[in-house]
Amino acid sequence: MKSTSPLVDYRYYRVCLFLIVLIACNKQYAPKADPVQQNIIHLTGNSRAYAEWKFTDIQFDQSSQPLNPAFAGYRIAYHLNGSFTDSDGLQGLWLMVSKDSLKHKITNNPNGVNATHGYRITYLTATEMGLSYLANGQKVTAAYTIVK
């Protein structure tokens with residue numbers, strides 16, 4: 001019977017221990033998602049081709065208003081290619097400026113002016129979104145839910 005040297009056994013155990021530690025450390029590492037990229041994923045439907053959002057609520061200067069029936073059917077779809085369409089027939093481009101800032105540029109405005117609007121993202125999850133903006137000096141907050 002052949003005996004192994006204690007030096008060889010020691011090296012073998014050191015290599016095994018090193019590999020176990022290396023594997024354990026790699027499993028614990030999870031890179032943090034970029035907040036802008038995470039919001040883009042939510043906005044466009046969690047990596048689907050697009051997400052359609054349905055308007056559900058509006059507040060003016062922190063006071064809730066009854067939902068106007070004219071707005072009840074409003075929807076907006078954000079496409080992965082950076083374009084959007086809405087139920088009013090408007091089309092345009094969107095840009096996630098920062099994790100809490102969204103910009104719309106309307107490219108088919110009936111009056112011929114390519115208007116740009118900025119929105120503050122108050123919250124954005126896979127199923128709900130809140131956007132706020134100023135209109136005639138009033139803070140407006142609009143709530144949306146995703147259409148499945």
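- In this structure, the side chains of F84 and I106 come closer than 4.5 Å at one or more pairs of heavy atoms.
- Rounding to the nearest 0.5 Å places CG of D88 at 12.5 Å from CZ of R75.
- For residues 92-120, no pair satisfies salt bridge (Lys or Arg N to Asp or Glu O under 4.0 Å), with sequence neighbours left out.
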message: Test side chain to side chain contact (heavy atoms under 4.5 Å, CB included) on E128 and Y123; report intermediate values, then the result.
response: CA-CA 8 Å; E128 296 180 322; Y123 58 91; 3.9 Å; yes
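- Heavy-atom minimum distance, S101 versus I121: N-CD1, 4.0 Å.
- Closest non-hydrogen pair, S132 versus T141, comes out as CB-OG1, 3.7 Å.
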message: Determine whether H79 and T85 satisfy the following criterion, side chain to side chain contact (heavy atoms under 4.5 Å, CB included), listing intermediate values before the conclusion.
response: CA-CA 8 Å; H79 304 271; T85 54; 3.4 Å; yes
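- Remark: the backbone N or O of K139 is paired with a side-chain donor or acceptor of D61 at under 3.5 angstrom.
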query: Could you walk me through whether I58 and V140 pass the side chain to side chain contact (heavy atoms under 4.5 Å, CB included) check?
result: CA-CA 7 Å; I58 193 162; V140 179; 3.6 Å; yes
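- Taking every heavy atom of both residues into account, I146 and A51 meet most closely at CD1-CB, 3.8 Å.
- Heavy-atom minimum distance, L43 versus L102: CD2-CD1, 4.0 Å.
- Using modelled atom types and a 3.5 Å distance limit, the side chains of Y74 and D86 yield a donor-acceptor pair.
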- request: For side chain to side chain contact (heavy atoms under 4.5 Å, CB included), just list the numbers for T145 and F55, CA-CA rounded to whole Å, side-chain angles, deciding distance to a tenth of an Å, and then say yes or no.
  value: CA-CA 7 Å; T145 56; F55 178 76; over 6 Å; no
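- Separating the NZ atom in K54 from the OG atom in S87 is a distance of 11.0 Å, to the nearest 0.5 Å.
- The closest side-chain donor-acceptor pair between Y133 and H104, if any, does not fall under 3.5 angstrom.
- When hydrophobic clusters are built by joining Ile, Leu, Val, Met, Phe, Trp and Tyr residues whose side-chain heavy atoms come closer than 4.5 Å, directly or via intermediates, Y119 is grouped together with F60.
- Between the CE atom of M129 and the CG atom of N39 there is a distance of 10.5 Å, given to the nearest 0.5 Å.
- Closest approach of V147 and W53 over heavy atoms only: CG2-C, 4.3 Å.
- The shortest side-chain heavy-atom distance between L131 and Y144 falls under the 4.5 Å cut-off.
- Annotation for N108 and G89: closest pair ND2-O, 2.9 Å, computed over non-hydrogen atoms.
- The environment of N111 atom CG is dense: over 12 non-hydrogen atoms of other residues, nucleotides or ligands sit within 6.0 angstrom.
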